[in-house]
**Student:** 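My structure is below; once you've seen it, I'll send some questions.
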Amino acid sequence: MAQANLTDRGAGNFSVHHHPEKWKWYDYFTFNVDHKVIGIQYLVTSFAFYLIGGLMALAMRAELATPNSDLLDPNLYNAFLTNHGTIMIFLWIVPGAIGGFGNYLVPLMIGARDMAFPKLNALAFWVTIPAGALLLGSFFFGGAQAGWTSYPPLSLITANTAQSMWILAIVFAGTSSILGAVNFIITIWKMRVPSMDWDQLPLFCWAILATSILALFSTPVLAAGLVLLLFDINFGTSFFKPDAGGDVVMYQHLFWFYSHPAVYLMILPIFGIMSEVIPVHARKPIFGYKAIAYSSLTICLVGLFVWVHHMFTSGTPPWMRMFFTVSTLIVAVPTGVKIFSWVATLWGGKIRYTSAMLFAIGLLVMFVLGGLSGVTLGTAPVDIHVHDTYYVVAHFHYVLFGGSVFGIYAGFYHWFPKITGHYLNEGLGKLHFVLTFIGTNLTFLPMHQLGLQGMPRRVAMYDPQFQTINQICTFGAFLLGVSVLPFLINAIWSWSRGAKAGGNPWDAKTLEWTTDSPPAIENWEVLPVVTQGPYAYGEEHLTVE
Amino acid sequence: MQGTVDSNSQSAGDAAIAHEEHQDLRVLGLLIFLCSEFLMFAGFFVLFLVYRAEAAAWPPEGTEVELLLPAINTVILVSSSFVIHYGDVAIKKGDVGGLRKWYLITAAMGAVFLCGQIYEYATLGYGLTTNLFSNCFYLMTGFHGLHVFIGLLLILGVLWRSRREGHYGAEKHTGVEMAEIYWHFVDIVWIVLFSLIYLLTLI
């Protein structure tokens, strides 16, 4: 169809791609270069890792139900806490939000038939598989136990083989990020349908662009640090061994130069999802299009210069504390711009309380709370007080679970009809939302209190005075575990049997909704023409036969 | 509404053609990738400078660097960047013979550089694990050497493909260009590296 339509036009250097009319199920298990196949591969794989990482968290919470170390071997506990963090960041949120939604949606949103480099795109997906295999395989060697930050000297003296596998896993995941970033930057820059100007680019694409720039510049620095760590562990060098002149703080600098921007890698695409979901389900043009678009770029730029706020207790000189406190607080400004813009979009809108919208509103609430605790943590005096306590754990779970994971869920409910041609069931969706919202707050809100009372993070045993609050957290965590079930059942069932959705079930204005659900291979028979901005709800528009 | 299909078949048709012949974006892709690659080296550079500032003696006694051989090597590598450019100029005129000649000379110069590097390693009298300076020295030059090796493979790849009649031409030489850009990158990194590791010891 699409292919036949194009053959007579494909007279240039590039031969027309040959592909079947529709992919078979097994095509999803192969090195396929279709951006939609790759997007689904990312989404499904990363979700599987989310479940694995979640089970590790449940095991840890079960251990923490009592003050003594009685359920898990302490080394296994350490391995779980290391790999829970690593998997959730490198194999769930980053590949899910950027790789999954980014790959599926960006070409559709800009009116392209595929990404700029389809083979590179497939390669970027497939190198995440060895990353996952290495992490899971490392459990046969005791599992990496130095936390997801893997600071030396701890990472140099515990479970050397597993730690080396951990490093290789991160290098693979990082390679995937960089290749993906190159692809996204060029695709958004050069592959937009000719009628689309920069100010008609959907905000999700702006967010992915900012994310990609950030990944491009920060990931290689982490790779440098990890290569040095690998040499220290295996080849007798002493980059991070103080007794031979090395400097452990240098590792922290190299690590956080990537890993703080990594926080934005995990939230910027989510901000992009928010900017799509909210106007569609509030039936209103987005408030402050340019402010949202440019604030993504601002976050990306400022975000490269805040990393030392993770190191206020690492013997950091006062001028650095001062500088990085200020730069950290500046990040709150563009973030606030987004939050206020979304609230203003909701204001006076004809809100449809769909599951997607519920998760988006839930995200707003949770992220503001996480953002506020972030402001307190970014201030050196408070940070020194609560450093390495559960207050930090509470903070980043509010932004990463209440923020990123809520956003991915919102994205699932919003684009599932596009991806599969079927709606997710709304009843189960609302149950999923309620359980998740209660579970998240029950698990992570009390942790603020634990942290302020001085309970250290990353320990399997704790002082008995903290037991009651810990049990509330554990109860909440299991509720969160249960909350995944309605979603899982819903997704599997609705994939083939959900109510049929047409091309544009939400009556949205971005380009991905101008094609069938699911879209044909190569997306459109005839490419769409952009005549209006992507959020022009209720504005006069040309009617076209 | 935005994105109405078929509202303007002429421009829609143009867009479809634009896809089939979409601009070759590979050179741009490589340039963006190299920005990323450069930051990895930048990580090493910063580390080196910090360790240099923290150390009492840098390089410590007994691990001084050789200067003459690396200087010769530098001259070879830097001039090879000009040589490879002649190959690019040649193919833009459709001269495949010229391309092959200049790329072959570049490959030879690259190989000489690598041999010089290996000879230097063999005669230095200290190894990777001797002290922090030697750690940095071997890791950074070795990592750069790896990149030279990859660049060499790319050039050999171009030479191999150029055997086929019409594979490269005046209008079709993206692969040639990419190998050249990569080679320039390797060269630029070496200039920084040479300044840091070798020239700074003179101060």
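Sequence lines set the chain letters: A, B, ... in the order given, protein chains first and strands last, and positions in each chain run from 1.
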**Student:** Got N135(B) and S238(A) here, is their nearest side-chain heavy-atom distance under 4.5 Å?
**Tutor:**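 A side-chain contact under 4.5 Å exists here.
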**Student:** Got F217(A) and C35(B) here, is their nearest side-chain heavy-atom distance under 4.5 Å?
**Tutor:**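 Yes; the side chains approach each other to less than 4.5 Å.
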**Student:** How about L228(A) and F44(B): do any of their side-chain heavy atoms sit closer than 4.5 Å?
**Tutor:**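 Contact flag for L228(A)/F44(B) side chains = yes.
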**Student:** Using side-chain heavy atoms (C-beta onward) and a distance below 4.5 Å, is F33(B) in contact with I178(A)?
**Tutor:**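 Result yes, sub-4.5 Å side-chain heavy-atom pair found.
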**Student:** Quick check: do V221(A) and M40(B) have side-chain heavy atoms less than 4.5 Å from each other?
**Tutor:**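 No, every pair of side-chain atoms sits at 4.5 Å or beyond.
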**Student:** Over all heavy atoms of both residues, which pair between P220(A) and L39(B) is shortest? Give the atoms and the distance, please.
**Tutor:**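 Taking every non-hydrogen atom into account, CG-CB, 3.7 Å.
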**Student:** Under 4.5 Å heavy-atom distance to chain B, tell me which part of L254(A) shows up: side chain, backbone, both or neither.
**Tutor:**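 Contact with chain B is through the side chain of L254(A) alone.
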**Student:** Should L128(B) and F231(A) be marked as a side chain to side chain contact (heavy atoms under 4.5 Å, CB included) after you check the CA-CA gap, both sets of side-chain angles, and the distance that decides it?
**Tutor:** CA-CA 10 Å; L128(B) 171 70; F231(A) 268 72; 4.1 Å; yes
**Student:** How many angstroms lie between atom OG of S36(B) and atom CD1 of I185(A), to the nearest 0.5 angstrom?
**Tutor:**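 CD1 of I185(A) is found 9.0 Å from OG of S36(B).
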**Student:** More than 12 non-hydrogen atoms from neighbouring residues, nucleotides or ligands closer than 6.0 Å to CZ on F143(B), yes or no?
**Tutor:**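 Result for CZ/F143(B): enclosed.
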**Student:** Considering only heavy atoms, which portion of F235(A) lies under 4.5 Å from any heavy atom of chain B: side chain, backbone, both, or neither?
**Tutor:**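 Both backbone and side chain.
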**Student:** Atom CZ of residue position F149(B) - does it have more than 12 heavy atoms of other residues, nucleotides or ligands inside 6.0 Å?
**Tutor:**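 For F149(B), atom CZ is not crowded (no more than 12 foreign heavy atoms under 6.0 Å).
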**Student:** For A223(A), which atoms come within 4.5 Å of any heavy atom of chain B: side chain, backbone, both, or neither?
**Tutor:**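 It is both, since atoms from each part get that close.
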**Student:** List the atom of L28(B), the atom of I186(A), and the distance in Å for their closest heavy-atom pair.
**Tutor:**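 The answer is C-CD1, 3.6 Å.
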**Student:** For residues L139(B) and F239(A), report the shortest heavy-atom separation together with the two atoms involved.
**Tutor:**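 Closest heavy-atom pair between L139(B) and F239(A): CB-CZ, 4.0 Å.
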**Student:** Evaluate the side-chain proximity of M191(A) to L25(B): yes if any heavy-atom separation is below 4.5 Å, no if none is.
**Tutor:**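 A side-chain contact under 4.5 Å exists here.
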**Student:** Does some side-chain heavy atom of H253(A) sit less than 4.5 Å from a side-chain heavy atom of V46(B)?
**Tutor:**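 No, their side chains stay 4.5 Å or more apart.
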